[in-house]
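Quick caveat, the model's predicted, so the values are computed rather than measured. Chain letters run A, B, ... following the sequence lines, proteins first and then strands; every chain starts at 1.
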Amino acid sequence: MKFHCSVDVRLKPGLLDPQGKAIEGALPAMGWTNVSDVRVGKHVEFYVEARDQTTAVAQVHEMAERLLSNPVIETFAIRGVEAFAGLTFEDRP
Amino acid sequence: MKFHCSVDVRLKPGLLDPQGKAIEGALPAMGWTNVSDVRVGKHVEFYVEARDQTTAVAQVHEMAERLLSNPVIETFAIRGVEAFAGLTFEDRP
Amino acid sequence: MDQPLHLALGLTDDELDRIRQTLGRDPNPNELAMYAAMWSEHCSYKSSKVHLRRLPTEGPQVLVGPGQDAGAVDIGDGLAVVFKMESHSHPSAVEPYQGAATGVGGIVRDIVAMGARPIALLDPLRFGPLTDERNRFLFSGVVAGIGGYGNCIGVPTVGGEVHFAEPHGANPTVNVMCVGIAQADRLVTSAREVHEGSLLLLFGAATGRDGIGGVSVLASRTLEEGSEESRPSVQIGDPFAEKLLIEASLELVERDVLEGLQDLGGAGLTCAVSESAARARMGADLDLDAVPLREPSLQAFEILTSESQERMLAIVRPDRLEEAREVCARWGLSSAVVGSLRAGGGLTVRLGGNVVAEIPARSLADEGPEYYRPMEPPLGVDEVLDDDPTFATVEVAPEAALRSVLTSPNIASKRWVWEQYDSLVQGGTVLGPGADAAVIRIEGTLKALVLSSDGKGRYGALDPYLGAAHAVAEAARNVSTLGAKPLAITNCLNFGNPERPEVMWQFAESIQGMADACRALETPVTGGNVSFYNESGDSAIWPTPVIGMLGLIEDYRLLVRPGFSGSGLPIYLLGETFPELGGSEFAEVVLGTLAGRPPALDLDREALLQRLLVDAAAADLLDSAHDCSDGGLAVTLVESAIAGDTGFAANLPGDVPWYVTLFSESASRAVVSVAPERADGLEELAVARGVPFSRLGETGGPRMVFDGLLDLAVEDVRGLYEDAIPRLLAG
Amino acid sequence: MTRRPRIGVITFPGSLDDRDALRSVRFMGGEGVPLWHAEHDLREIDAVILPGGFSYGDYLRTGAIARFAAVMDEVRTFAARGGPVLGICNGFQILCEAGLLPGALIRNRQLRFVCRWVDVRVESSRSVLTEGLASGEVLRVPVKHGEGQFVAGAGDLRRIEDEGLVVLRYCGRDGAVDDAHNVNGSLDAIAGVRSEGGNVVGLMPHPEHAVDPDLGPTGGQPMFASLLASALARV
Ligand SMILES: Nc1ncnc2c1ncn2[C@@H]1O[C@H](COP(=O)(O)OP(=O)(O)O)[C@@H](O)[C@H]1O
Ligand SMILES: [Mg+2]
């Protein structure tokens, strides 16, 4: 079975986020003075072929922990692991 | 009122995603051969001070369009704009 | 919408007739798309070819002239330098970061396709004024894109230029030059023997719908403001894939498994295959089913004209195929045999077993149309030239004038730009950005390449002939100033719509200016690129031929740097200053006028000055040397002071107004400083070489003193000069 | 000296300064040994360098993918036995990702790549990079990176400082550490750190581009001399 998976990766709260700061810095010039605490993270989407959802979730968890995020500075959240019925590109005949 | 806002930014479909491609290329060597179509996007979180949710959503939309995404190569989706009661970092006494 | 297909693709009725004659039938849509791509202005040079033939292309140093992926020059020791410049202005106007990044990728592959290792990049750039927000966006995006790509592939960006002028606002000019090095006997050119039955091996990235119609639509049709349709044609660069592609390609060259190597750029696979076949005087079979795709169900014409980046095509003997594919795999690249060469001149394309196109390869690659387009000088040219600002009344005080000129972003330090580029990687950079030219040593020798790129926007706008000639002269002077001999040039010719007679006139004049200067300075043209249609509405960019100069110094330890070092050194001006403020930086920023005659250029004097500079350096006579150009003598002296952290005291001749002395941009000049005991030697040599000179003063101290006019601290002026661009960017 | 120390330099896909590191090793009198990321073989080297560059394009995170390379298993074992391991720029990032060094490197504070000659102050001589150098000594070397801002969680940072794991800090010519000279906004202006044993060191500046006097200042020479000496000590 194919699962569509989606993982969010965020910088840990105590760390300064240079990209977020830059966005905050640009806001007033555009007329927005009511925005605060901008944080820029990543989100990664992909498909996993697995026996069942539990297996898929376990693998996504491992990938997120070992590869997609760096525990020293980041946290991650699995946003979704959903059975996917359509064809992805790689399924072409 | 304070709203917690969250926006996803993705590369337009059809465009090459070098990051996704590099991750995908490296996965087999790490023992994962069942992963495909990796795409890496951004997700941006922040707080907006606004009269009501409609106003907040309108502003998030405009920010996403003008500042958070590059419309030439990216699309965005507003993931959430939710009333927020707690204290943010900047509210600390 | 109901426009006939050939017109929609940018082919004219006449061109369609030619295609019909060649094929003896009506072309099908795939064939039309292939012709449209190959016969576009960008690929066929149909408007420029007749003029380009006037350029001098020969010399004992030239190994490969125009016509190949890039030119090559002999530098001795069995080594060849391969170099070329290209424009990526149109894509950069749409998406500055990716447009510039993919521009770097494209020119680097041209160099690699010759079998050379890329060792340096230069990036001549032009934008609208930084007071405008969109121009700031384009400028910072382009710079970040060049750095993002160049830094990631490990090729140092060691030079370039940045100019700002209103006409380059809607259409920024983004050129990139790449320089590579190869064993001369290993160069991959069409002179290689190619066999029937050899295989076409496509390697690198998969093919997607990138830049479909990019050639004919993006590069050959004028960009309309806010044009939405061209947006999907944006491509994302993958520098990591490019780095692997470079290494794999060079390993293939090294192992000598190749009969040919082609980059895939404009017109994609169509161009690479038809050129490979045509150069070998053969035909080819191309099997589109074998092409690795990034997205499902691309149509034949899409696969044929896709401009997906980071791909190369190798011609390989069947018995070396295994080895070639192993090399690709080792570098993590996929590879696929997509066809083979065969006798006869036909190119047959198949998809799903069916023939989808059948065209003589040469008719695509070599037999494109050629136009001798009408030319006419624009109205009012003479009035503008006659409106010379040189003897205008000047009410500005000297110090204010100097401040204005030094903080003009055309003159001010470009550190903000070049600090974003890795100029050190590969470990050959003897002198990086910030001097007259960059110096890259050749491993295992004392030789070094000396590289400069120059274009003269304002001069060209006033007088395109002079603008081009000055660009060659300045590029060569930049190189000679360091003590290197100028060897050859490449160029990128950036112009408006060639279908307008004024633009074509500018083009023809520029070619003549370039040709004359190259002949006089003995720097033949080894290649280049033409970028037309740089206009929106009726506003074209300034006619902008940009010159990329290659020079050689035999012993890099003798190179002369621009900074004053130490005190008590006599300072000389080599050459003469004339009252020539037409088209100068001073006229623009202080007098607010763009008119008049650009400085005269006497090519014989120029050659004499340059010979003097080279000989003086070889005799180790000079302590510093700096070319005198934009901003005039004042800027030259100030830059030497800042570079060496050393002030000076200079006397100015009293017989001309101060602003002429300080800011006239007379050609064929340089400012040098010499150890006192070498001063006589320099003077004797200058006399012998027939170069007039005058002693300006002496180096030393923390201040810059122009006798009776100005007295400024080097440190303060450095601040002005360094901060000008960051300040403007801060908005 | 019976033999020259063998210094391995690993080439990962996307490594860029690998040849430069090899050249500098030779310039300083060592034997440069090229190593390949996909091989479980360190070829009997006495020290190993993870060079600068953009391994795997630095996509996702710098060093995130390279740390899974086959050769990294050997590097880990080598480090655990006390072997000298030097990570330069991207190599530093890889060592952090691999957990062999504390902290992490994120985008420069100014969000731009920066290529510039800087001064760094030696903070600890208890490392294979700075043995024989006095604390407080100032060396001139270039940086060239877009993601060189050193960060760590508050607890980690305290430990790094308390245990003296900082090897180099960005500073002015006179050795003064201040914000103006902190080229990328690193916490505590940290330019390089070491492992507890001092045998694993990472730094963002490029000493390999500062050994040949024909090309500029030579602040990298004493660092390479120290690395070679440490390597030799193992022979
Ligand atoms: N876009 C750029 N990229 C890299 N280096 C640049 C760029 N623009 C200017 N420079 C460098 O700044 C220095 C000054 O440029 P310029 O004023 O055009 O020099 P010159 O007038 O001597 O030709 C040169 O060393 C040049 O290479
Ligand atoms: Mg110039």
field: B:Val7, part contacting chain A, at a heavy-atom distance under 4.5 Å
entry: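 B:Val7 has no heavy atom closer than 4.5 Å to chain A.
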- request: Taking the side chain as every heavy atom from C-beta outward, state whether B:Ser36 and A:Lys2 have any atom pair closer than 4.5 Å.
  value: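 Yes, side chains in contact.
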- prompt: Mind checking whether B:Gln19 and A:Val44 have side chains closer than 4.5 Å, heavy atoms only?
  reply: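 No, every pair of side-chain atoms sits at 4.5 Å or beyond.
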If you measure from [atom1] on [X] to [atom2] on [Y], what distance do you get to the nearest 0.5 Å?
X: B:Glu62; Y: A:Met30; atom1: CD; atom2: CE; result: 8.0 Å
X: B:Asp37; Y: A:His4; atom1: CG; atom2: NE2; result: 9.0 Å
X: B:Leu67; Y: A:Trp32; atom1: CG; atom2: CH2; result: 6.5 Å

query: Who among B:Val48, B:Asp8, B:Val9 has the most heavy-atom pairs with chain A under 4.5 Å?
result: B:Asp8
- prompt: If you tally heavy-atom pairs under 4.5 Å against chain A, which of B:Met63, B:Arg79, B:Lys42 wins?
  reply: B:Arg79
Largest heavy-atom contact set with chain B, pairs under 4.5 Å, which of A:His43, A:Arg66, A:Arg39, A:Glu45: A:His43
